[in-house]
Protein chains: 2
Amino acid sequence: MATGRTHRPATRSRGIPEATVARLPLYLRALTALSERSVPTVSSEELAAAAGVNSAKLRKDFSYLGSYGTRGVGYDVEYLVYQISRELGLTQDWPVVIVGIGNLGAALANYGGFASRGFRVAALIDADPAMSGKPVAGIPVQHTDDLESIIAENGVSIGVIATPAGAAQQVCDRLVAAGVTSILNFAPTVLSVPDGVDVRKVDLSIELQILAFHEQRKAGEEAAGEPGAVLQARKESGKGPDGDVPAVMPA
Amino acid sequence: MATGRTHRPATRSRGIPEATVARLPLYLRALTALSERSVPTVSSEELAAAAGVNSAKLRKDFSYLGSYGTRGVGYDVEYLVYQISRELGLTQDWPVVIVGIGNLGAALANYGGFASRGFRVAALIDADPAMSGKPVAGIPVQHTDDLESIIAENGVSIGVIATPAGAAQQVCDRLVAAGVTSILNFAPTVLSVPDGVDVRKVDLSIELQILAFHEQRKAGEEAAGEPGAVLQARKESGKGPDGDVPAVMPA
DNA sequence: GTTTGTGAAATGATTCACAGCG
DNA sequence: CGCTGTGAATCATTTCACAAAC
């Protein structure tokens, strides 16, 4: 270990903080909704409320992209939609494969939001021969044997793993070997990947466990806690919900 | 806004950092695997590798829980499993309701990892009368009309929302009014909740968009980038994958 | 008057590096 | 010795607060 020391003065073209990147999709969603209602401009305050963050954070986030607002007025909705889309790379569309067409994989394939912005389900892959050819969400399932050629033929660089935990690492290795460089992992396992491959994970039981932790604390405080008041009022946060941070990782 | 100022000297019993809380489930999973293989002890180095973090971080994380290791030896696997489970509130079991039994809701209901540790699907709720009574994952779906009584009768404090975006806020409001104080939201919307309620969100399209951002950067660097070398080697990180941070928020 | 854009301060998280314990 | 536990240093993110732009 300790390969890359504190070095790396390079590769810093226009470093947008990871935390900011993770919020851009949120802004984009709020802006898209405004756009559909033909709202021409928004203030940082309004948009922040719609996205569930605070306005100072939003302005700072946008400042990394450039100066796209007008003082005294706000931001042009359409223009911002375009700028953020471009920044996120959504002006092109990304072919995606889903591997593991069980309950979850099928649900993902059917998920509308997939196609909505910049993503296209290029193929569904499953190891069960009985599934082969069966259409799910209108797309015929293909067999794992053909994984490499499917990736190659469709120019896929993003893969979604929805297999059981036991198969995930193996599938991941094959995806990476075939040229996939971004993986969204729904299997409850830690994937190891070579440098240059990004992995993000979505894990139901982890989320529930984090909620349970807080839930337990609430129960504890209710009983013990400060003698006097308190009952709600946890942490600050001006109003709406807030925060959120990424989980990427260059591996 | 600006209600809770910088005040709040109280309520700080034993503040475990949020980032640490988010990693405890990861450690727990790795430890459980070791436990099943009857491994008696692990070093921070080994466990860190299994959990995909670095060992300094892991030791620091554990230091917030107490001194559960033995210098020169490592950590007792069983003991740590117990301590972390207790810390996360998994020694009791949490009844959970899932609202919205479409493709995704059904997939969640069928998800094994649910029951595995501390969670129990107490009820499935859907607005479609045609679904009522139909069993999913062996549990009969109940109608939204009965939401309040279902929550009350089962003492549910954790709710999972898997409805379409349009229905999510309304469902959320009813859950909260009925006594739910932790929500896991799969609908692509920002939920607003009163103080004291935690919301975590899982959003497929946000994750994909973040991946697309990085994917685009890779493509860009390949073409432009530094004149000389570079091709892989992004960011540092000693070896394995790393990082990850939470998204809770007391609201 | 309003609202952006941003330095500077404050807070939080990670990493270093090593003393101290078994 | 080996490995934990932890202060101190570094790095990242958020928040403040206000000058500049409209």
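Here is how names work: the chains are called A, B, and so on, in the same order as the sequence lines, proteins then strands, and each is numbered from 1.
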*What are the two closest heavy atoms between B/Thr189 and B/Ala168, and how far apart are they?*
OG1-CB, 4.1 Å
_Pair A/Arg217 + B/Asp198: basic N to acidic O under 4.0 Å_ = no
_Contact summary for A/Lys218 and B/Val197, nearest pair of heavy atoms_ = NZ-CA, 4.3 Å
*Between D/dT4 atom P and B/Asn54 atom CG, what is the distance in whole Å?*
13 Å
*Return the value, rounded to whole Å, for the distance between atom CZ of A/Phe62 and atom C1' of D/dT15.*
17 Å
Between the protein and nucleotides 20-22 of chain D, which nitrogen or oxygen pairs are less than 3.5 angstrom apart?
from, atom 1, to, atom 2, distance (Å)
D/dA20, N3, A/Arg71, NH1, 2.9
D/dA21, O4', A/Arg71, NE, 3.3

*asked:* Are B/Tyr68 and B/Phe62, when compared by the centres of their aromatic rings, separated by less than 6.0 Å?
replied: no
*side-chain N/O B/Tyr75 vs D/dG5 OP1/OP2, d < 4.0 Å*: yes
*Using a cut-off of less than 4.0 Å, is there contact between a side-chain N or O of B/Ser43 and OP1 or OP2 of D/dC3?*
no
*A/Glu45 CD to D/dT15 C1', straight-line distance once rounded to whole Å*: 14 Å
*For the atom pair CD1 (B/Ile16) and CZ (A/Phe213), what is the distance rounded to the nearest 0.5 Å?*
4.5 Å
_Check: B/Arg200 side chain, A/Ile210 main-chain N or O, donor-acceptor pair, under 3.5 Å_ = no
*asked:* Can you measure A/Leu58 atom CG to C/dT6 atom P for me and round it to whole angstrom units?
replied: 14 Å
*Comparing A/Gly74 and A/Lys60 on DNA chain C - which has the more 5′ nearest nucleotide*: A/Gly74
*What integer distance in Å separates B/Tyr68:OH from D/dT6:C1'?*
17 Å
*Whole-Å distance between D/dT6 P and B/Leu65 CG?*
11 Å
*asked:* From CG of A/Leu47 over to C1' of C/dT4, roughly how many Å is that when rounded to an integer?
replied: 13 Å
*asked:* I need the CZ-C1' distance between A/Arg59 and D/dT13, as an integer number of Å.
replied: 16 Å
*Which one, C/dA13, C/dG5, C/dT14, comes nearest to the side chain of B/Glu18?*
C/dA13
*Can you pull the side-chain hydrogen bond (donor to acceptor under 3.5 Å, both in side chains) pairs that have at least one residue in residues 159-177 of chain B, sequence neighbours excluded?*
B/Glu148-B/Arg174, B/Gln169-B/Asp173
